[in-house]
2 protein chains.
Amino acid sequence: MRTVTIADVAKHAGVAVSTVSYVLSGKRAISATTRQRVLDSVRVLGYHPNAGARALASKRAKVIALVLPLRAGMNLPVLMQFATSVVTTARQYDHDVLLMTADEGADGLHRVAASALVDGLLLMDVEIHDPRVPLLRKLSEPSVLIGFPADPEGLTCVDLDFARAGALCADHLADLGHREIALLGAPRVVYERGTGFAERTMAGFVEAAARHGLEADARPCEESFDEVHAAVKLLLDERPGLSGLVVHNEAAAGHVLGALRILGRRVPEDVSVVAICPDDIAERASPALTSVLIPAEDVGRQAVRLLMAKLEGQAVPESTLLEPRLTIRESSR
Amino acid sequence: MRTVTIADVAKHAGVAVSTVSYVLSGKRAISATTRQRVLDSVRVLGYHPNAGARALASKRAKVIALVLPLRAGMNLPVLMQFATSVVTTARQYDHDVLLMTADEGADGLHRVAASALVDGLLLMDVEIHDPRVPLLRKLSEPSVLIGFPADPEGLTCVDLDFARAGALCADHLADLGHREIALLGAPRVVYERGTGFAERTMAGFVEAAARHGLEADARPCEESFDEVHAAVKLLLDERPGLSGLVVHNEAAAGHVLGALRILGRRVPEDVSVVAICPDDIAERASPALTSVLIPAEDVGRQAVRLLMAKLEGQAVPESTLLEPRLTIRESSR
DNA sequence: CCTTCGCGTCGAAGCGCTTCGATGACCTGC
DNA sequence: GCAGGTCATCGAAGCGCTTCGACGCGAAGG
């Protein structure tokens with residue numbers, strides 16, 4: 001069974017090849033009757049345009065690259081949600097998604113862009129001093145970044161407003177009347193890498209706490225149970241009056257609750273806990289965690305939309321910050 | 001800056017276009033001097049072959065589709081490890097990876113295959129009665145499945161040998177002298193979907209336990225802390241003599257330890273726990289979990305290799321089962 | 001010495017599609 | 001009744017690459 005080409009469709013419908021093309025692309029007016037005849041032939045023959053030929057002739061591959069980080073300290077569920085949302089949204093724009101890992105580096109990006117394999121790029125987990133950023137600036141293919149490099153000038157960046165997220169947590173605890181609070185963040189390595197979002201959360205938290213006149217403290221946090229336990233214990237020893245805890249570390253969130261339980265602190269009676277994490281993690285914990293959600297889906301959708309707009313040649317804002325949303329559950333009062 | 005084509009390279013090197021092509025593909029003998037001249041020109045001009053043109057002319061896109069499930073009960077870290085390994089391995093074979101979600105269904109597979117966007121397909125999390133399997137049989141593009149449908153005849157399937165994994169856990173506990181053991185599995189919904197691997201683990205576990213003459217019990221397990229706690233408590237109440245527990249549920253593994261702690265059972269003094277999960281989860285727990293690792297990386301690598309072999313027209317085994325490996329840590333004795 | 005062979009190279013024919021300019025057919029308005 | 005304009009359609013020229021057959025040339029064989 002030879003594969004069906006546009007010529008087969010044209011013959012079957014009794015029209016020119018170009019007519020079929022115009023019916024399918026809608027780039028020229030075609031009479032209703034002809035259109036219908038062509039469409040019927042397409043269906044009958046089971047025609048699917050050849051992607052390579054289309055890309056070659058139109059200079060549009062209808063594929064975007066999605067570059068995911070795959071390193072320590074990453075938040076998998078968020079990453080998957082994000083990827084899913086990117087794929088789904090891209091499909092709505094009739095595009096497919098080429099998956100790349102960050103360790104292909106700038107060369108990899110250059111390769112897929114220069115070979116016209118993809119029309120645009122979506123990079124996740126951009127660092128403050130990201131070596132790929134200079135390349136992106138140079139590339140003729142449009143790109144959208146998730147996260148912010150040091151200088152977002154001339155780029156298009158999307159992210160959750162982590163500063164607001166940190167602030168929101170502090171606000172919530174302040175509203176509940178807590179006077180001494182602390183934040184447990186990502187593993188140290190994440191800060192050292194300069195990933196930005198972790199620092200911005202801390203900064204937002206600290207600043208909001210200061211605004212409310214609270215005693216606040218923010219520190220990195222590793223992810224093993226024993227290290228979490230030690231960190232929580234240390235914190236509690238150092239700050240006996242502590243009654244509010246923010247956890248910005250999805251892997252550690254469950255362990256924090258376990259540690260508090262062991263240390264004889266009831267949640268929320270003795271300590272209120274707020275997490276910055278996906279909803280499913282928060283709901284699965286006991287007690288269910290009050291949390292600020294990382295809207296991975298929104299970020300993905302928004303990023304694809306921006307990229308599509310750029311592909312159409314539209315101007316888009318350099319920076320898009322998504323509002324965090326606090327969901328109150330059982331772990332805070 | 002116009003994009004560099006093969007014609008530019010040919011002109012720069014003073015040879016015919018076809019010669020450049022042959023240098024790059026190695027499909028015909030080219031003298032060392034000419035080859036070097038061409039290669040130099042390629043480098044100087046920064047030439048990258050146009051993917052669409054190449055695909056059109058050679059009928060090879062050098063892209064494979066990776067279809068990931070994105071549903072409840074899935075094991076994210078394993079999935080990511082798997083995806084990473086697929087991308088990395090594919091790159092070694094000079095292929096890229098198109099990411100698809102399972103909810104595009106059979107139509108989506110048909111679309112990417114028929115449009116020659118991809119040369120082959122990799123499907124993860126195949127179910128016992130998977131609606132996509134009939135299509136795969138029909139498709140001229142080769143495919144490799146992760147997991148086993150009811151009838152793997154004529155397909156190529158790869159997976160961890162979950163029955164052996166279950167058995168390995170039972171063997172280990174039997175060797176340690178435990179007489180009453182139980183397995184806590186995936187959430188009920190996973191069994192209802194007929195995903196296969198969960199059932200096979202249980203079957204392997206039960207059978208091995210029987211072989212050792214042990215009292216054994218295997219049941220599904222939800223993922224929230226409270227449900228895990230309840231399940232563990234119920235199990236302990238029903239089976240006071242229980243001293244060995246296998247957890248085949250990555251999200252629940254940590255919660256099981258927490259529940260045992262609350263219920264006053266020491267691990268491993270009172271109860272030995274063995275998990276079937278990725279190493280990082282096992283290591284992060286307290287006490288570190290003895291575990292059977294899901295070799296996501298191996299599975300991914302192996303799957304890509306098989307697919308590449310099929311693309312070359314080589315015959316490959318219908319079924320490839322990967323040996324599970326038990327790592328003894330602190331949670332069993 | 002002439003034929004035969006193989007090696008290295010070239011030219012040209014597509015691969016299946018999009019797009020541009022051209023061509024009728026038909027309508028409009030003066 | 002005819003210039004001027006639309007509208008729908010067609011034909012052909014590429015897009016950048018691979019691949020097939022052909023060709024020239026020096027080496028080997030008779």
Side-chain angles (χ1 to χ4, degrees), chain A residues 1-39 41-42 45-63 94 111-119 140, chain B residues 2-39 41-42 45-63 94 111-119:
Chain A
M1 188 178 102
R2 218 185 87 277
T3 132
V4 182
T5 74
I6 197 173
D8 300 328
V9 175
K11 195 178 300 169
H12 187 271
V15 299
V17 160
S18 50
T19 302
V20 175
S21 178
Y22 286 125
V23 166
L24 262 22
S25 70
K27 294 198 177 173
R28 277 198 189 177
I30 297 288
S31 68
T33 59
T34 306
R35 153 183 277 91
Q36 197 50 58
R37 206 141 34 88
V38 169
L39 257 20
S41 299
V42 165
L45 301 179
Y47 169 67
H48 286 262
N50 178 294
R54 191 206 278 275
L56 179 56
S58 69
K59 307 195 162 310
R60 288 310 204 91
K62 295 231 185 196
V63 175
D94 197 24
R111 179 181 63 84
V112 295
S115 65
L117 230 190
V118 305
D119 303 324
S140 54
Chain B
R2 217 183 89 276
T3 132
V4 182
T5 73
I6 197 173
D8 300 328
V9 176
K11 195 178 301 171
H12 187 270
V15 298
V17 161
S18 50
T19 302
V20 176
S21 177
Y22 286 123
V23 166
L24 262 21
S25 70
K27 293 198 177 174
R28 278 198 189 177
I30 297 288
S31 68
T33 59
T34 306
R35 151 183 280 92
Q36 199 47 61
R37 205 141 33 87
V38 169
L39 258 19
S41 299
V42 164
L45 301 180
Y47 169 66
H48 286 262
N50 178 294
R54 190 205 277 275
L56 179 57
S58 70
K59 307 197 162 310
R60 288 311 204 90
K62 297 236 190 192
V63 176
D94 196 25
R111 178 179 65 84
V112 295
S115 65
L117 229 190
V118 304
D119 303 325

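Below, chains carry the letters A, B, ... as their sequence lines are ordered, and counting in each starts from 1.
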Worksheet item: For DNA chain D, what residues of residues 21-30 of chain B have any heavy atom nearer than 4.0 Å?
Response: B:Ser21, B:Tyr22, B:Lys27, B:Arg28
Worksheet, complete the sentence: Minimal heavy-atom distance between B:Tyr47 and B:Val4, with the atoms involved, is CD1-O, 3.5 Å
Worksheet item: Can you list, by residue number, the residues of residues 50-58 of chain B that have a non-hydrogen atom closer than 4.0 angstrom to DNA chain C?
Response: B:Leu56, B:Ala57
Worksheet entry | side chain to side chain donor-acceptor pair (under 3.5 Å) contacts in which one or both residues fall within residues 49-63 of chain A, not counting sequence neighbours | A:Lys62-A:Asp94
Practice prompt. Select from A:Val4 and B:Thr19 the residue whose nearest nucleotide in DNA chain C is closer to the 5' end of that strand.
Written response: B:Thr19
Practice prompt. Identify the 5'-most and 3'-most nucleotides of DNA chain D with at least one atom closer than 4.0 Å to a non-hydrogen atom of chain A.
Written response: D:dA8 to D:dG16
Per-pair distances, 0.1 Å, donor-acceptor, side chain in residues 6-18 of chain B, under 3.5 Å, sequence neighbours excluded:
{"unit_1": "B:Asp8", "atom_1": "OD2", "unit_2": "B:Arg2", "atom_2": "NH2", "d": "3.2"}
{"unit_1": "B:Asp8", "atom_1": "OD2", "unit_2": "B:Thr5", "atom_2": "N", "d": "2.8"}
{"unit_1": "B:His12", "atom_1": "ND1", "unit_2": "B:Ser41", "atom_2": "OG", "d": "2.8"}

Discussion item. Heavy atoms within less than 4.0 Å of DNA chain C: which residues of residues 7-17 of chain A have one? Give them sorted by number.
Written reply: A:Val17
Response to the item:
In short, the helix from C:dC1-D:dG30 to C:dC30-D:dG1 is bent end to end, axes from five pairs each side, to 10°, by 40°
Worksheet item: Which value, rounded to the nearest 0.5 Å, describes the distance between A:Leu117 atom CG and B:His48 atom NE2?
Response: 11.5 Å
Discussion item. Applying side chain to side chain contact (heavy atoms under 4.5 Å, CB included), can you list everything that pairs with A:Ala55, at least two apart in sequence or on another chain?
Written reply: A:Ala61
Worksheet item: So what does A:Ser18 touch, heavy atoms closer than 4.0 Å: a base, only the sugar-phosphate, or nothing?
Response: base
Practice prompt. Kindly write out the residues that satisfy side chain to side chain donor-acceptor pair (under 3.5 Å) with A:Thr34, not counting sequence neighbours, or none if the list is empty.
Written response: A:Ser31
Fill in: Residue pairs fulfilling salt bridge (Lys or Arg N to Asp or Glu O under 4.0 Å) with at least one residue in residues 14-36 of chain B, sequence neighbours excluded
none
Discussion item. So, does B:Ser31 get its side chain near the phosphate of C:dG8, meaning an N or O under 4.0 Å from OP1 or OP2?
Written reply: no
Fill in: Which residues share a side chain to side chain contact (heavy atoms under 4.5 Å, CB included) with A:Ala57, sequence neighbours left out
none
Worksheet item: Sequence neighbours excluded, which residues qualify as side chain to side chain donor-acceptor pair (under 3.5 Å) partners of B:Ser115?
Response: none
